[in-house]
Structures are given as C-alpha cells and as structure tokens.
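Down below is the structure, laid out as structure tokens.
Predicted model only: the values in this text are computed from it and were never measured. We number each residue from 1, following the sequence as shown.
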Amino acid sequence: MLAASYIREGKLVAFPTETVYGLGANALDPDAVVKIFEMKERPAFDPLIIHIADIDDLKPLINSNDERIYKLAKKFWPGPLTMVLPKSNLVPDIVTSGLPTVGIRMPSNNIALELIWAAQRPIAAPSANKFGRVSPTTAQHVKKQLPNVDYILDGGPTTVGIESTIIQLTKNGFNILRNGVIVREDIEQVLPYFPGDNKDADVIAPGMVKSHYSPSKPLYIIGETNKVIEKSKAGLLSYSLQQVAGYKEVIQVSTNQNLKEYAVNLFAALHQLEDSDVDYIVAEPVPESGIGTAIMDRLRKAAYRFTY
Ligand code: AMP
Ligand code: MG
C-alpha cells in the first residue's frame with residue numbers, strides 16, 4: 001500500500017475515518033508530526049489524537065494498567081471514542097503538546113484500519129482541514145483546504161460525520177472533554193459519569209477553544225444572535241423544515257429530524273454553503289440532548305467568531 005509506505009517515510013496522508021477525514025503521520029516520528037502542525041497551521045498547544053488498529057498497540061503508548069481502559073475499549077473500539085490516558089515515553093512530546101497524557105482511539109473505518117496495519121505505525125491524525133475551519137467529510141473537502149497533502153485516500157463520505165467523543169478517566173468514573181455521537185448515557189453503561197474528582201482539570205483545557213469548525217462566511221444560530229437576518233441573502237441549515245420560506249438556499253440537514261443523520265451531514269452542508277453564493281449561513285438549533293449536545297457544540301463553535 002503506497003499510502004502506508006508514505007507514512008513510514010514521514011510523509012502526510014489524508015485518510016477517511018468514520019468521523020471525519022484525518023491528516024495522518026507516523027505518531028512516533030516528531031519530524032513527521034511537525035508537518036501536520038505546519039500544514040494545518042495548527043497551534044502547537046493543541047494536542048493530536050493517535051489512531052491504532054489493534055488493542056495490542058495500546059499498551060506501548062500508555063503508562064497505565066487501569067482495567068477500566070480495556071473495559072471501555074472492548075465496548076467502544078473500533079469506534080468514535082477517544083480516551084485521554086497517561087502517556088509512555090514512546091509518545092513524542094510534540095504529539096501531546098507537552099502534556100503527560102495522550103488521546104488514543106481505534107477508528108472503525110476499514111481504510112483507516114488497513115492504513116495503520118500496513119504502515120505498522122500508530123498514526124497521529126487531527127482532522128484534515130486548516131486549523132479552526134470546517135472539518136472534511138469527503139476527499140474533496142480535504143483537497144479544498146489542503147491541496148498540498150502528499151496523498152489522499154478517498155473512501156467516500158464519512159459515516160458518522162462529527163469528531164470522536166473524548167473522555168478522560170477520573171478517580172471514580174469519567175469526564176467528557178468533547179461530545180460526540182457516543183453520548184454520556186452510552187458510556188455510563190460501563191462507568192459512572194464522575195467529572196468532579198479530576199485533579200488534572202486545569203491541564204485538559206488545550207484545544208478546547210471557543211471558536212472552531214468555522215466556515216468562511218458568517219454563521220448565525222436562530223435565537224442566539226442579534227443579527228437581523230435578510231433571508232434572501234442567507235442559506236439555512238434546517239432541522240425541522242419549518243419557516244424555510246424566503247431563504248436564498250435551504251439545506252435540510254436530516255430527514256425526519258434524525259440527529260444521527262444531522263451529524264453525518266452537518267459539515268458537508270457547511271462546506272456547500274461556504275462554496276455557494278449566499279452571504280451568510282443561518283442554523284436552526286436542534287434539541288440539545290443525546291447527539292444534539294454534540295451538534296449544538298459544533299454549531300456554537302462555528303458561530304462563535306461571528307457572535308462575539
Ligand atoms: P482533533 O483536532 O479532532 O484531532 O482533536 C484533537 C483534540 O483532542 C484536541 O483539540 C484536544 O481537545 C483533544 N486532545 C487530544 N489529546 C489530548 C490530551 N492529551 N489531553 C486533552 N485533550 C486532548
Ligand atoms: Mg479538528
């Protein structure tokens with residue numbers, strides 16, 4: 001596999017995961033990892049997630065034998081759950097932005113798994129977009145933002161559509177650092193939600209910036225903005241298909257108000273509207289429970305720089 005030899009040679013490969021497309025490099029090679037930060041224009045304080053293809057790949061990367069890790073892995077891997085764990089010395093500091101912890105997950109996309117297997121290396125990969133911008137869910141989205149990437153594996157549109165849920169283990173349970181389609185209630189089937197007893201609470205902040213996923217055009221959330229909307233100039237991300245009249249463009253992000261499907265389609269809809277001739281984007285809020293929490297989190301971060 002050519003892409004795998006590229007990884008071994010220290011080059012960058014964009015590849016599909018079930019969440020979004022990743023920009024991957026050999027996680028154990030600091031010179032390769034630095035290229036990710038350069039290409040994305042990502043600040044060095046924002047740590048990367050390492051992707052593995054086999055549970056046996058986990059042990060060398062972490063400095064912990066907490067049984068809860070393997071319980072969670074058994075239930076949710078391969079899949080969109082990232083665990084932030086104490087790192088071993090094998091993991092270069094550049095990957096973790098100098099933190100003593102590392103984010104790790106096993107993706108469920110077959111092309112991603114094959115790439116990691118064939119490369120025989122863990123792969124550090126953030127989303128394959130410029131820092132702070134809309135995440136890619138197709139190979140075309142990657143090409144638009146990162147035309148100089150060494151190789152793009154095209155696996156078609158991703159099937160989850162938003163980034164992984166990130167958790168950290170606490171003394172008595174777990175804490176959620178980023179919401180995703182694996183929701184708190186899912187994880188509670190394995191461990192109690194117990195965010196309060198995390199002594200590392202201060203160091204988990206990096207990367208959890210207020211502005212993110214931001215389209216090149218202003219985005220406003222209905223009910224969360226003072227902007228007077230001129231519908232004839234705006235593109236609407238519709239959830240309910242109510243009050244769609246008058247907009248220049250309307251995208252029904254999901255049929256039948258299905259939040260899972262909304263998550264799958266959200267970033268593609270943002271890409272479509274940023275490439276269309278509307279002046280700005282308006283989003284109808286979705287119910288804020290279950291996957292809706294992760295969706296509203298993405299929408300608010302995307303709207304942040306136009307709101308404040
Ligand atoms: P992404 O850009 O989707 O690959 O996600 C990377 C995000 O994972 C970062 O912005 C952090 O919020 C989070 N993350 C990765 N590693 C760590 C870590 N060691 N500690 C806390 N958060 C982390
Ligand atoms: Mg990202």
Quiz prompt | NZ/NE/NH1/NH2 to OD/OE distance under 4.0 Å, K248 and E230 | solution = no
Quiz item: Is the number of heavy atoms from other residues, nucleotides or ligands within 6.0 Å of NZ (K143) greater than 12?
Solution: no
Quiz item: Could you give the distance from NZ (K74) to CD1 (I69), rounded to the nearest 0.5 Å?
Solution: 15.5 Å
Quiz item: So, for P122 and I50, which heavy atoms are closest and what is the spacing to 0.1 Å?
Solution: CB-CG2, 3.6 Å
Self-check item: Shortest non-hydrogen contact from N258 toward K260
Solution: OD1-N, 2.9 Å
Quiz item: So which of S135, P157, P136 actually passes side-chain contact (heavy atoms from CB on, under 4.5 Å) with F267?
Solution: S135
Quiz item: Ion pair present between D275 and K144, side-chain N to carboxylate O less than 4.0 angstrom?
Solution: yes
Quiz item: Does E188 pair with R184 as a salt bridge, N-O distance under 4.0 Å?
Solution: yes
Exercise. Could you verify whether a donor N or O on one side chain and an acceptor N or O on the other, from S164 and R178, lie under 3.5 Å apart?
Key: yes
Self-check item: Residue list, ring pair (Phe, Tyr, Trp, His ring centres under 6.0 Å) with Y6, at least two apart or on another chain
Solution: Y151
Quiz prompt | N179 CG to T293 OG1 distance, which is reported to the nearest 0.5 Å | solution = 5.5 Å
Quiz item: Any sub-3.5 Å donor-acceptor pair from Y280's side-chain atoms to G235's backbone N or O?
Solution: no
Quiz item: Going by an N to O cut-off under 4.0 Å, is there a salt bridge joining K35 and D150?
Solution: no
Practice problem: State whether the side chain of H212 and the backbone N or O of V134 hold a donor-acceptor pair below 3.5 Å, judged by distance alone. | Solution: no
Quiz item: Looking only at atom types and distance, does a side-chain atom of E18 sit under 3.5 Å from a main-chain N or O of S108, one as donor and one as acceptor?
Solution: yes
Exercise. Not counting sequence neighbours, which residues clear ring pair (Phe, Tyr, Trp, His ring centres under 6.0 Å) with F76? List them please.
Key: none
Quiz item: Between K217 and L270, is there a donor-acceptor pair closer than 3.5 Å when you use the side chain of the first and the backbone of the second?
Solution: no
Self-check item: Considering all heavy atoms, the nearest T19-T137 contact
Solution: O-CG2, 4.5 Å
Practice problem: Salt-bridge test for K231 and E249: reply yes if a basic N is under 4.0 Å from a carboxylate O, no otherwise. | Solution: no
Self-check item: Whether K301 side chain and S214 backbone form a donor-acceptor pair below 3.5 Å
Solution: no
Practice problem: Return yes if some donor-acceptor pair links the side-chain N/O of T158 with the main-chain N/O of V160 below 3.5 Å, else return no. | Solution: no
Quiz item: Is the side chain of Q145 donor-acceptor paired with the backbone N or O of K130 at a distance under 3.5 Å, no angle test?
Solution: yes
Exercise. Write down the atom of V183, the atom of I291, and the distance for their closest heavy-atom approach.
Key: CG1-N, 3.7 Å
Quiz prompt | Under 3.5 Å donor-acceptor, R42 side chain and E38 backbone | solution = no
Exercise. Pick out which of L299, I221, I222 makes a side-chain contact (heavy atoms from CB on, under 4.5 Å) with L237.
Key: L299
Quiz item: Is it true that a side-chain atom of K40 and a backbone atom of S127 form a donor plus acceptor pair closer than 3.5 Å?
Solution: yes
Practice problem: Step by step, work out the side-chain contact (heavy atoms from CB on, under 4.5 Å) result for M83 and T101. | Solution: CA-CA 10 Å; M83 288 189 248; T101 53; over 6 Å; no
Quiz item: Under 3.5 Å, is there a donor-acceptor pair between the T307 and E224 side chains?
Solution: no
Practice problem: Taking all non-hydrogen atoms of both residues into account, name the closest pair between V149 and A14 and its distance. | Solution: CG2-N, 4.0 Å
Quiz item: Step by step, would you call L58 with W77 a side-chain contact (heavy atoms from CB on, under 4.5 Å)?
Solution: CA-CA 12 Å; L58 180 62; W77 285 0; 4.1 Å; yes
Self-check item: Donor-acceptor pair, side chain of S64 and main chain of P86, under 3.5 angstrom
Solution: no
Self-check item: For the student: nearest non-hydrogen atoms of Y239 and Q257, plus distance
Solution: OH-O, 3.1 Å
Quiz prompt | Heavy atoms of other groups near E67 CD, more than 12 under 6.0 Å | solution = no
Quiz prompt | ring-ring contact (aromatic ring centres under 6.0 Å, His included) between Y21 and F15, worked out | solution = CA-CA 5 Å; Y21 274 69; F15 63 98; 8.2 Å; no
Self-check item: Close side-chain approach of V33 to P92, heavy-atom, < 4.5 Å
Solution: no
Quiz item: Can you check side-chain contact (heavy atoms from CB on, under 4.5 Å) on L61 and L28, steps first, answer last?
Solution: CA-CA 10 Å; L61 300 173; L28 306 182; 4.1 Å; yes
Quiz item: Got I176 and Y193 here, is their nearest side-chain heavy-atom distance under 4.5 Å?
Solution: yes
